[in-house]
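Some notes on the structure that comes next.
Worth knowing before you read on, the calculation uses all heavy atoms, side chains too, and leaves out hydrogens, waters and symmetry mates.
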Amino acid sequence: MFAKTAYAGDRQQQYEMLSKQLDALLTGEPNVMANLSNASALLNQFFDRINWVGFYMMEGNELVLGPFQGLPACIRIPVGRGVCGSTVTKKETIIVPDVHAFPGHIACDAASQSEIVVPLIKNGEVFGVLDIDSPEKNRFQKEDQQGLEHFVSILMKHI
């Protein structure tokens, strides 16, 4: 059984606990959809000051909406378009302090002000992306990038 956790320590220690929880939660479960669903739920309870967290999965030449927490979202995003599509092209994490300043930003939720997108890499190819939006500008920092990239590395061991 999972119980909501009060994360103690500095941000790095909090991310370490989050990644340990993810690993324990997914160990022994082979179903990709179940694992992505639990990962998005875990992130949703971990973060404050966010309005959307979830996954987009590669399908052909576009990203397709996967498990998420938040308001209904855009279903399909072409590779190279918006923050998520640009993350696929670059194969690296993108932090956007102000989504309105990002050329070609796709506004799924009008409340979103900042965003972080982390690629999910499997066998050297982008499998999908983790997308997190916030209603605050400048919500995501370098420590979030490092913590989420580690979280994704744990997730990908179970995919």
Side-chain angles (χ1 to χ4, degrees), residues 4-23 25-26 35-58 63-122 126-159:
K4 188 166 173 108
T5 302
Y7 295 92
D10 64 23
R11 201 63 174 156
Q12 181 181 358
Q13 291 169 319
Q14 292 172 12
Y15 272 111
E16 286 172 13
M17 174 58 78
L18 177 71
S19 291
K20 286 178 185 175
Q21 286 179 312
L22 179 71
D23 195 38
L25 191 60
L26 304 187
N35 288 342
L36 293 172
S37 296
N38 268 335
S40 65
L42 183 60
L43 287 167
N44 191 53
Q45 68 84 37
F46 174 74
F47 277 105
D48 58 355
R49 304 177 352 259
I50 66 166
N51 57 315
W52 200 92
V53 57
F55 298 93
Y56 280 92
M57 310 313 297
M58 285 301 303
L63 290 162
V64 178
L65 182 64
F68 70 94
Q69 304 277 309
L71 293 176
C74 303
I75 296 172
R76 296 181 182 273
I77 299 173
V79 169
R81 188 155 177 253
V83 182
C84 290
S86 296
T87 297
V88 172
T89 302
K90 292 182 175 192
K91 290 187 177 181
E92 62 185 38
T93 301
I94 297 177
I95 296 175
V96 181
D98 179 356
V99 296
H100 303 292
F102 189 89
H105 175 256
I106 300 168
C108 294
D109 181 344
S112 293
Q113 297 292 317
S114 62
E115 185 171 5
I116 185 169
V117 181
V118 182
L120 309 177
I121 308 288
K122 185 173 183 176
V126 178
F127 179 76
V129 298
L130 166 61
D131 181 19
I132 307 175
D133 295 354
S134 173
E136 294 179 9
K137 289 184 180 173
N138 298 304
R139 167 64 181 85
F140 304 103
Q141 308 302 320
K142 187 73 171 169
E143 61 201 5
D144 296 303
Q145 177 179 345
Q146 293 166 342
L148 289 169
E149 286 174 349
H150 181 66
F151 181 90
V152 162
S153 73
I154 301 296
L155 173 64
M156 294 310 292
K157 290 189 325 185
H158 297 280
I159 301 291

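Separating the CD1 atom in Ile106 from the SG atom in Cys84 is a distance of 7.5 Å, to the nearest 0.5 Å. Here the CG-CD distance, from Leu43 to Gln21, works out to 10.5 Å after rounding to the nearest 0.5 Å. If you take CG on Leu120 and CG on Leu36, they are separated by 7.0 Å, rounding to the nearest 0.5 Å. Remark: Ser112 OG to Arg139 CZ distance equals 12.5 Å, nearest 0.5 Å. Atom CD1 of Ile50 and atom CZ of Phe140 lie 6.5 Å apart (nearest 0.5 Å). Here Phe68 contributes atom CZ and Asn44 contributes atom CG; the two are 11.0 Å apart, rounded to the nearest 0.5 Å.
Between the side chain of Trp52 and the main chain of Leu71, a donor-acceptor pair closer than 3.5 Å is present. The backbone N or O of Arg81 lies less than 3.5 Å from no partner atom in the side chain of Ser86, so there is not a single donor-acceptor pair. Distance alone, capped at 3.5 Å, places no donor-acceptor pair between the Glu92 side chain and the Thr89 backbone. Within the 3.5 Å criterion, the main-chain N or O of Gly9 finds a donor-acceptor partner in the side chain of Gln14. No donor-acceptor pair under 3.5 Å is formed between the side chain of Thr87 and the backbone N or O of Pro119. Formation of a donor-acceptor pair under 3.5 Å by the Ser19 side chain with backbone atoms of Glu16 is not found in this model.
Residues that satisfy the salt bridge (Lys or Arg N to Asp or Glu O under 4.0 Å) test with Glu149, not counting sequence neighbours, are absent from this structure.
Here the side chains of Leu63 and Val88 are in contact, with some heavy-atom distance below 4.5 Å. Inter-residue side-chain proximity for Thr93 and Leu148 is flagged as unmet; no heavy-atom pair is nearer than 4.5 Å.
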Donor-acceptor list for residues 151-159 side chains, cut-off 3.5 Å, not counting sequence neighbours:
{"residue": "Ser153", "atom": "OG", "partner": "His150", "partner atom": "O", "Å": "2.6"}
{"residue": "His158", "atom": "NE2", "partner": "Asp23", "partner atom": "OD1", "Å": "2.6"}

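In this structure, Arg11 does not pair ionically with Glu143, as no charged nitrogen and carboxylate oxygen lie closer than 4.0 Å.
By the neighbour-count criterion of 12 heavy atoms within 6.0 Å, atom CE of Met57 is densely surrounded, having more than that number from other residues, nucleotides or ligands.
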